[in-house]
Amino acid sequence: MASSYLSFASKLSFLHNGNYKNDAVGRNLLFDNPNSYKWNRKFSDSCFSKTRCSGVGVTRAASTTEAVVDNNRVSKEDSRVLRVGLVCGGPSAERGISLNSARSVLDHIEGDDLQVSCYYIDYDMNAFAISSAQVYSNTPADFDFKLESLAKGFSSLDEFAEHLAASVDIVFPVIHGRFGEDGGIQELLERHNVPFVGTGSRECRKAFDKYDASLELSKQGFITVPSFLVQGSEIEECELSKWFTSNQLDPNSGKVVVKPARAGSSIGVTVAYGVSDSLKKANDLISEGIDDKILVEIFLEGGSEFTAIVLDVGSGFDCHPVVLLPTEVEIQFHGSVDVREEDAIFNYRRKYLPTQQVAYHTPPRFPLKVIENIREGASILFRQLGLRDFARIDGWFLPNSMHALSSSAGKFGRTELGTIIYNDINLISGMEQTSFLFQQASKVGFSHSNILRSVIHRACLRFPNLASHNEVSAHLPRRSKSLPFDEAFNKREGIRKIFVLFGGDTSERQVSLMSGTNVWLNLLAFDELDVTPCLLAPSDDHSDDGSRVVWSLPYSLVLRHTTEEVLDACIEAIEPAQAALTSHLRNQVMNDLMECLKKHSWFTGFDIADEQPVRYSLEKWIKLAKEVQATVFIAVHGGIGEDGTLQSLLESEGVPHTGPGAAASKTCMDKVATSLALSHLADLGVLTINKDVRRKEDLLNMPALEIWDELISKLQCETLCVKPARDGCSTGVARLCCVEDLAVYIKALKDCLLRIPPDSFSKSNILFFLCNVQSHGMIEMPSPPPERLIFEPFIETDEIVVSSKSGGEKAQGLVWKGNSRWVEITVGVIGTLGSMRSLSPSVTVKETGDILSLEEKFQGGTGINLTPPPASIVSNEALERCKHRIELIANTLQLEGFSRIDAFLNVDSGEVLIIEVNTVPGMTPSTVLIHQALAEQPPMYPHKFFRTLLDLASERII
């Protein structure tokens with residue numbers, strides 16, 4: 001018992017209270033007191049000591065995240081260690097996505113043979129050396145306002161480049177859009193002779209500008225989409241009208257796409273009708289400062305969009321591009337479709353937020369000959385445009401039944417089966433965990449680490465002084481082969497089996513997929529763990545005995561944006577004809593790659609086997625877990641994942657699992673039961689919100705005015721918050737200011753809407769103005785609609801504005817008036833039963849509307865969390881009282897393992913007003929739990945954090 005306690009205590013030593021200080025300026029810069037921070041160019045080598053945690057396809061240091069790294073510290077004995085400068089951020093609207101890409105790259109390339117230093121370019125083009133802890137922030141706004149006090153700033157971009165020349169061997173730019181893909185950073189690095197990954201500046205400029213690229217593609221013999229350039233303030237309406245007519249479009253109603261020429265692949269892209277609407281939307285983009293060069297293109301009706309990753313596997317300046325398996329992008333509609341969505345395009349929201357609005361198919365559902373032609377054309381285009389290392393090329397396939405584009409005869413893309421058009425060149429493709437790069441690479445045998453390291457090593461081949469680094473074999477640890485669970489398990493003594501379960505059929509199943517994928521990839525860092533990702537299929541997919549179904553998944557099938565995609569991919573993978581086609585294409589691409597890769601000593605082979613998914617009933621899957629002594633890491637949000645059902649099934653078979661037990665899970669899933677369980681703690685500073693629970697059936701059958709009057713009278717409030725009674729924390733939550741708003745919400749329930757469009761609620765009500773109600777964004781609704789809903793008073797919190805030195809502001813920092821003295825917080829708790837500890841709370845900042853949106857909670861690159869709460873808002877005394885009360889809540893509810901508690905905090909008294917308790921909280925790459933673990937002493941990085949949660953599960957007594 002004593003040894004077990006000591007083991008647990010050591011794991012949780014990072015949870016003790018106290019401000020972390022490190023005079024050597026280690027990994028804690030994001031969380032230090034800004035006033036006490038002093039920059040020091042010299043570092044203690046002991047600050048950077050590493051513990052190796054090699055793993056399956058993940059090569060990184062166990063706790064390495066230097067704040068600002070002086071890479072000249074590398075000794076002569078370590079001269080073969082490759083020093084990579086990872087540069088993210090930038091001035092474009094995609095800088096949040098850039099941060100996501102940087103986080104993913106950092107996770108998968110760092111190791112004993114490769115050290116990473118992190119850098120950030122802010123909106124105003126100021127360069128900083130940052131801690132990698134900051135890379136794990138949800139959005140740049142989390143730290144933009146405190147960069148000058150917490151990071152090493154450079155006086156100019158030239159000074160920044162000089163620093164890079166002296167401190168790193170090669171730069172990996174992951175800036176999307178302006179300055180990253182337009183040749184800006186490339187020109188800077190070229191001027192200072194700094195090696196870098198990717199295409200040169202001149203070629204970037206030509207390929208990034210969609211108008212210039214279209215002209216170049218046409219010149220090179222490719223079919224292009226007819227377009228019209230709107231530039232500056234001189235807009236000739238008659239010229240655009242002539243263009244409409246010449247392309248057989250009605251000048252009054254012809255459908256076109258309006259998009260910036262130089263803003264990346266998804267920012268500002270919209271549909272317009274006719275000349276007037278096109279010019280209005282072009283002018284809007286110009287006035288918003290997105291770009292002053294706008295393209296109007298024909299809307300391609302009925303075709304299919306695709307995207308293809310191109311990998312250069314040549315040597316030196318000898319380009320040998322190989323196109324991986326392309327992906328088909330399918331825009332989908334479900335339920336009642338808003339008219340505005342009938343012209344859906346692959347925009348920013350569909351690209352980066354996992355919903356059923358879009359589905360991906362790798363390989364595409366095109367004829368084999370078309371896929372081969374797409375690969376051939378993309379390879380030619382890559383070479384002719386002078387691209388380097390890797391790129392993503394987007395396009396369209398228009399079947400022969402579609403209207404043929406004029407002047408396309410004799411150009412590349414005309415086939416017997418239809419027309420292939422390339423319309424967008426992405427020079428720095430997105431590198432989030434499930435991005436196209438990793439989807440397509442995994443299909444042909446590359447893990448995340450393998451593909452990224454291959455790109456870096458390929459880039460090194462252009463620089464003779466980096467040749468020695470390519471002589472070192474890239475560390476790629478073992479991969480499990482396609483063995484049945486029991487056989488694989490029995491053949492590997494000392495290996496712990498872990499099942500990571502995600503999916504389900506609640507409205508948060510897509511977030512569950514993100515959480516499970518992140519947990520799985522992080523746990524792969526440990527050689528002693530054999531980690532299997534598993535999908536809990538929707539309830540309508542059941543086994544022969546009527547029970548739920550679980551699929552064990554191979555690597556490549558996990559990397560999808562929705563659970564529906566994963567399930568479809570599983571079914572396709574075991575369908576003989578489709579499996580044969582995919583295998584044929586996979587072998588073809590792998591052979592093309594190996595033709596050159598076999599010549600490189602650094603390439604140690606492909607590390608992802610061509611495995612098949614395996615389908616089990618839930619009962620058999622649990623028995624299998626018991627048989628192989630597996631621990632189940634639960635990442636199923638809502639439904640049976642949080643209501644105690646899954647926990648009860650596992651516990652009945654003696655299978656250890658993460659998170660609280662069945663009874664606590666059941667209580668916390670029911671928001672009313674949670675409030676009742678805590679109601680006796682009011683005298684101790686733990687408060688609950690009055691609630692009224694209504695059945696959906698009653699809401700649909702009663703007059704809205706009668707319901708509204710009853711609620712306002714019973715709850716003694718003027719505005720309401722509505723939320724599902726037993727669903728997760730991110731869907732179906734809305735502020736209602738009047739009976740008209742209630743009517744809109746009830747109609748959404750009746751019509752089974754998947755989304756309530758932005759600004760659907762009333763603005764005419766006087767409370768809208770008196771209460772400073774903000775316009776709301778898209779509200780994702782549960783599907784199917786919840787049977788019970790909770791109404792409670794809407795709690796007014798103080799608005800917090802995070803400002804930075806952009807847009808002409810003279811100062812940067814936090815703006816907080818503090819009128820109500822209440823702020824919204826979210827805080828993780830971790831530990832054993834009866835001994836739960838509170839992590840440092842995070843203050844949540846709503847960027848739009850009155851309720852945190854799905855994006856702000858789970859989409860990396862959006863949403864702002866202040867971790868720990870700034871002392872200017874919450875005093876240290878109030879913070880400590882808050883943490884004590886959070887621990888009291890956790891232990892009263894008999895939580896164990898880990899959970900997350902959402903509440904309102906009184907910044908003076910430290911009192912907490914409970915919103916809800918999540919026993920399976922979000923574990924996405926940008927989860928606030930990671931920010932809080934990093935804020936503790938000592939900082940705990942993601943893979944170690946998830947390993948701690950796993951160890952707590954393995955040690956529990958069932």
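For reference, positions follow the sequence shown, starting with 1.
For the atom pair Leu557 CG and Thr362 OG1, the distance stands at 10.5 Å (nearest 0.5 Å). In this structure, Ser435 OG and His448 NE2 are separated by 6.5 Å, a value rounded to the nearest 0.5 Å. Rounding to the nearest 0.5 Å gives a distance of 10.5 Å between OG1 of Thr327 and CG of Leu437. Between the CG atom in Leu567 and the CZ atom in Arg615 there is a gap of 8.5 Å [rounded to 0.5 Å]. Considering CD of Glu297 and NZ of Lys255, their distance stands at 14.5 Å, rounded to 0.5 Å. Asn522 CG to Leu524 CG: the interatomic distance, rounded to the nearest 0.5 Å, is 8.5 Å.
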TODO: With side chain to side chain contact (heavy atoms under 4.5 Å, CB included) as the test, would you mind laying out the steps for Leu593 and Lys598 before giving the verdict?
DONE: CA-CA 8 Å; Leu593 290 165; Lys598 65 184 179 183; over 6 Å; no
Task: Working for ring-ring contact (aromatic ring centres under 6.0 Å, His included), residues Phe606 and Phe603 - done: CA-CA 8 Å; Phe606 300 104; Phe603 184 69; 5.4 Å; yes
Open item on the list: If you apply the rule side chain to side chain contact (heavy atoms under 4.5 Å, CB included), what do you find for Trp551 with Val614, and how did you get there?
Closed with: CA-CA 6 Å; Trp551 291 81; Val614 181; over 6 Å; no
- [ ] Give the intermediate values and the outcome of side chain to side chain donor-acceptor pair (under 3.5 Å) for residues Asn591 and Asn587.
- [x] CA-CA 6 Å; Asn591 288 337; Asn587 292 335; over 6 Å; no
- [ ] Evaluate the criterion side chain to side chain contact (heavy atoms under 4.5 Å, CB included) for residue pair Val313 and Arg458; output intermediate values, then yes/no.
- [x] CA-CA 7 Å; Val313 292; Arg458 168 63 187 95; 5.8 Å; no
Task: Worked check of side chain to side chain contact (heavy atoms under 4.5 Å, CB included) between Asp592 and Arg375 - done: CA-CA 11 Å; Asp592 292 344; Arg375 294 188 62 233; 3.2 Å; yes
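A distance-only check finds no donor-acceptor pair linking the side chain of Thr224 to the backbone of Ser218 [under 3.5 Å]. At least one donor-acceptor pair closer than 3.5 Å links the side chain of Glu575 to the backbone N or O of Gln578. With hydrogens and angles disregarded, no donor-acceptor distance shorter than 3.5 Å links the side chain of Asn518 to the backbone of Met514. Judged by distance alone, the side chain of Arg586 and the main-chain N or O of Lys443 form a donor-acceptor pair under 3.5 Å. Judged by distance alone, the side chain of Thr517 and the main-chain N or O of Leu513 form a donor-acceptor pair under 3.5 Å. With Tyr422 contributing its side chain and Ile374 its backbone, the two residues share a donor-acceptor pair below 3.5 Å. The backbone N or O of Leu559 sits nowhere less than 3.5 Å from a side-chain atom of Glu565 that would complete a donor-acceptor pair. Looking at Thr199, its side chain does come within 3.5 Å of a backbone N or O of Arg388 through a donor-acceptor pair. Panel note: side chain Glu305, backbone Trp396; no donor-acceptor pair is recorded below 3.5 Å. Checking side-chain atoms of Ser104 against main-chain N and O of Met431 turns up a donor-acceptor pair under 3.5 Å.
Each of Leu501, Leu536, Val549 was evaluated against Trp621; a single residue qualifies, Leu501, per the side-chain contact (heavy atoms from CB on, under 4.5 Å) test. Of the listed residues (Glu564, Glu780, Arg560), just one forms a side chain to side chain donor-acceptor pair (under 3.5 Å) with Gln510, and that residue is Glu564. Under the side chain to side chain donor-acceptor pair (under 3.5 Å) rule, Ser101 has a single partner from Glu432, Gln433, Glu94, His176, which is His176. Of the candidates Tyr360, Phe390, Phe306, Tyr360 is the only one forming a ring pair (Phe, Tyr, Trp, His ring centres under 6.0 Å) with Phe436. When each of Asp277, Val258, Val257, Val256 is checked for a side-chain contact (heavy atoms from CB on, under 4.5 Å) with Thr270, only Val258 meets the rule.
Heavy-atom minimum distance, Leu417 versus Pro367: CD1-CB, 3.6 Å. Closest heavy-atom contact between Pro363 and Thr582: CD-OG1, 3.7 Å. Of all non-hydrogen atoms in Ile267 and Ala93, the two that sit nearest each other are CD1-CB, 3.8 Å. Scanning all heavy atoms of the two residues, the minimum distance from Leu585 to Leu368 falls at CD2-CD1, 3.4 Å. Summarising the geometry of Ser442 relative to Tyr555, their closest heavy-atom pair is CB-CD2, 3.9 Å, with the distance given to 0.1 Å. Contact between Ile393 and Ala378 at its shortest, heavy atoms only, is CD1-O, 3.7 Å.
Residues Arg392 and Val310 have side chains not in contact (no heavy-atom distance under 4.5 Å, counting atoms from C-beta outward). For the pair Tyr211/Ile294, no side-chain contact is recorded, criterion being any heavy-atom separation below 4.5 Å from C-beta on. With contacts defined as side-chain heavy-atom distances shorter than 4.5 Å, the pair Phe446/Leu311 qualifies. Contact of the Phe228 side chain with the Ser278 side chain is not registered, since no non-hydrogen atoms from C-beta on lie closer than 4.5 Å. Side-chain atoms of Arg103 and Ser926, non-hydrogen and from C-beta on, do get closer than 4.5 Å to each other. Side-chain contact between Leu535 and Val550 is absent, with no heavy-atom pair separated by less than 4.5 Å. Between Arg453 and His108, every side-chain heavy-atom pair lies at or beyond the 4.5 Å cut-off. Within the 4.5 Å cutoff, the side chain of Phe244 has no heavy atoms near those of the Asp250 side chain.
His637 and Ser515 share a side-chain donor-acceptor pair at under 3.5 Å. Side-chain contact, Asp607 with Ser447: a donor N or O sits under 3.5 Å from an acceptor N or O. Judged by distance alone, the side chains of Thr434 and Gln439 never bring a donor and an acceptor atom under 3.5 Å apart. Using modelled atom types, one finds a donor on one side chain and an acceptor on the other under 3.5 Å when comparing Thr307 with Asp394.
In this structure, Lys206 does not pair ionically with Asp212, as no charged nitrogen and carboxylate oxygen lie closer than 4.0 Å. Remark: Arg365 engages Glu330 in a salt bridge, criterion side-chain N to carboxylate O under 4.0 Å.
If you look at Phe502 and Trp520, their ring centroids are not closer than 6.0 Å.
Aromatic ring pairs are classed by plane angle as parallel below 30°, tilted from 30° to 60° and perpendicular above 60°; the pair Phe366 and Phe397 is tilted.
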